[in-house]
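Everything numeric here is computed off the predicted structure, so don't read it as measured data. No hydrogens, no waters, no symmetry mates; every other heavy atom, side chains included, goes into these values.
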Amino acid sequence: MSRPSPQTDRLIALVDLLAAHPSGDFTLAEIARGLGVGKATVHPMLTTLTRAGWLLRHPVRRTYRLGPAIVAAGRAAATGETPLDLTRPVMRTLSAETGLGALALVPCGDAADADDLRVGELVRTGTSREGALGLRLGDRVRPRPPLGAVTVAWAGPDAVEAWLSALDAEPAVPVPGSRTYLRGVPPESPVVTEARRTLLPALAGVRRRGWALETVDHLRDRLGALVRDLEIELGTGDWDIAGRTAALRRAMNEVGQAFDLAEALPAVIDPDTEYRASSINAPVFDADGSVAVVLCLIDHHAPVVGRDVIALGERVHAAAETVTRALGGRAPGPDGRTPGPSAAAERAAGSAGTVEPFEPSEAADGS
């Protein structure tokens, strides 16, 4: 993993602070307090960003706000025929037809955390953050079991093993000269062993259906308690990377043991059973068979009976397939290899570049 850059993190936090209050102006002291650092640390960043046009400084009040250069950068990021561009109109259709929120997650492209996703687009059904799983545009999402099943269900055994291993709270580190090192790979934890037993059938169910149901049960309350405990443990002062990592691993271990993984990611959807869905999602594939977008239906404020879950799942799957065809993509096989005609052949047939209105399958009728 690459070394962290505190100064870069502060720069990002500064821009996020101003972006969260686009109509407000902030003094140097207010920005320093918001970032939890001294004014001497913030001042050089403000000076550089102002020179670049990313910030505007009021000549009298000496306050700062976002400038025109960063607006131009945002507009540039929103143009072009990217997978996200092709997904946006489909999301709006899904949300309008189902009355639910829609969420698009895209790969981070970060070499240090290559499996992580970012919130690329949100279609909300309300105005509060709670109406979108508490997420904002740009937030990082870590697909740890049982979450993120569609990112690995078609990716092959190595990706599945890496996904399962993320549940290991304290992975053993081989030490040269120790007996563990000489014997080879250390034994996996009971948490990972249990996850393999319960989640491999769930991943098979995801591949069979083409979409995944992730349920909340009591997970949200439990996660909230864990986060509060974590904040208390970390405190408000300076804390080193090793201490933070250890605390996060302990929290991840508690999460892995706090609920039944098989219930959180059902392998089979019973039409007569009620589910407390947190997300019903399906993958959009690119020409290489990689997941380009995870398309999600969210904001399920009440339990959903299984037959309606299936109908919603078919809608999400049909929408994701529409975008996949527009990209010239194909779902890979269970071994992670893309079968069938090449993406170029499908583009030649006229399937790429245009999103046609998707038609839900018969299973989705009546939802």
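Using a 4.0 Å cut-off between a side-chain N of Lys or Arg and a carboxylate O of Asp or Glu, D272 and R307 qualify as a salt bridge. The pair E161-R196 meets the salt-bridge criterion, since a charged nitrogen lies less than 4.0 angstrom from a carboxylate oxygen.
Note: L295 CG to I280 CD1 = 11.5 Å, rounded to the nearest 0.5 Å. The distance from atom CD of E314 to atom CH2 of W211, rounded to the nearest 0.5 Å, is 7.0 Å. A distance of 12.5 Å separates NE2 in H58 from OH in Y64, rounded to the nearest 0.5 Å. Interatomic distance, D139 CG to L103 CG, rounded to the nearest 0.5 Å: 10.0 Å. The CG atom of L297 lies 11.5 Å from the CG atom of L213; values are rounded to the nearest 0.5 Å. Summarising the geometry, atom CG belonging to L66 is positioned 9.5 Å from atom CZ belonging to F26; distances are rounded to the nearest 0.5 Å.
Residue P143 comes nearest to T151 through the heavy atom pair CB-OG1, 4.3 Å, listed as atom of the first residue, atom of the second, then distance. The two residues L137 and E121 make their nearest non-hydrogen contact at CD2-CA, 3.5 Å. In terms of heavy-atom proximity, E214 sits nearest to L265 at CG-CD1, 4.2 Å. Taking all atoms of both residues into account, the shortest heavy-atom contact from R208 to A267 is NH2-O, 3.4 Å. When all heavy atoms are compared, the tightest approach of L135 to R124 is O-NH2, 3.6 Å. Nearest heavy-atom pair across L100 and S95 is O-OG, 2.6 Å.
A side-chain donor-acceptor contact under 3.5 Å links N281 and S279.
For the side chain to side chain donor-acceptor pair (under 3.5 Å) test, no residue two or more places apart in sequence or in another chain qualifies with T47. E321 meets the side-chain contact (heavy atoms from CB on, under 4.5 Å) test with H317, R325; sequence neighbours excluded. Under the rule for a side-chain contact (heavy atoms from CB on, under 4.5 Å), D158 has no partner lying at least two apart in sequence or in another chain. Judged as a ring pair (Phe, Tyr, Trp, His ring centres under 6.0 Å), and not counting sequence neighbours, the contacts of F285 are W154.
The side-chain heavy atoms of T87 and T82, taken from C-beta on, include no pair separated by under 4.5 Å. Side-chain contact between I31 and L35 is present, with at least one heavy-atom pair separated by less than 4.5 Å. Put simply, the side chain of D308 reaches to within 4.5 Å of the side chain of V305, judged on heavy atoms. Annotation: side chain of I269 is in contact with side chain of R209 (closest heavy-atom distance under 4.5 Å). Between R315 and L94, the closest side-chain pair of non-hydrogen atoms falls below 4.5 Å. Looking only at side-chain heavy atoms (C-beta outward), P266 and T215 come within less than 4.5 Å of each other.
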Requested in this report: Could you give me the CA-CA distance, side-chain angles and deciding distance for L200 and V160, then say whether side-chain contact (heavy atoms from CB on, under 4.5 Å) is met?
Outcome: CA-CA 9 Å; L200 289 184; V160 171; 3.8 Å; yes
**Report entry** Candidate pair H300 and L312, rule side-chain contact (heavy atoms from CB on, under 4.5 Å), full reasoning
**Finding:** CA-CA 11 Å; H300 307 268; L312 291 170; 4.1 Å; yes
Query raised in the report: Does the side-chain contact (heavy atoms from CB on, under 4.5 Å) test come out yes or no for L105 and V119, once each step is laid out?
Result: CA-CA 5 Å; L105 303 173; V119 177; 3.9 Å; yes
Requested in this report: Please step through side-chain contact (heavy atoms from CB on, under 4.5 Å) for the pair T41 and R10, ending with a clear verdict.
Outcome: CA-CA 9 Å; T41 301; R10 292 189 194 104; 3.9 Å; yes
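For the salt bridge (Lys or Arg N to Asp or Glu O under 4.0 Å) condition, no pair includes a residue of residues 29-45, sequence neighbours left out. Residues in residues 19-28 take part in these salt bridge (Lys or Arg N to Asp or Glu O under 4.0 Å) pairs, two or more places apart or across chains: D25-R61, D25-R65.
In the hydrophobic clustering of ILVMFWY residues, with side-chain heavy atoms under 4.5 Å counting as a link, L56 and L49 come out apart.
Side-chain N or O atoms of R276 include none that pairs as donor or acceptor with a backbone N or O of P303 at under 3.5 Å. T50 places no side-chain N or O within donor-acceptor distance of the main-chain N or O of R57, the cut-off being under 3.5 Å.
Atom NE2 of H43 sits in a sparse spot, with 12 or fewer heavy atoms from other residues, nucleotides or ligands closer than 6.0 Å.
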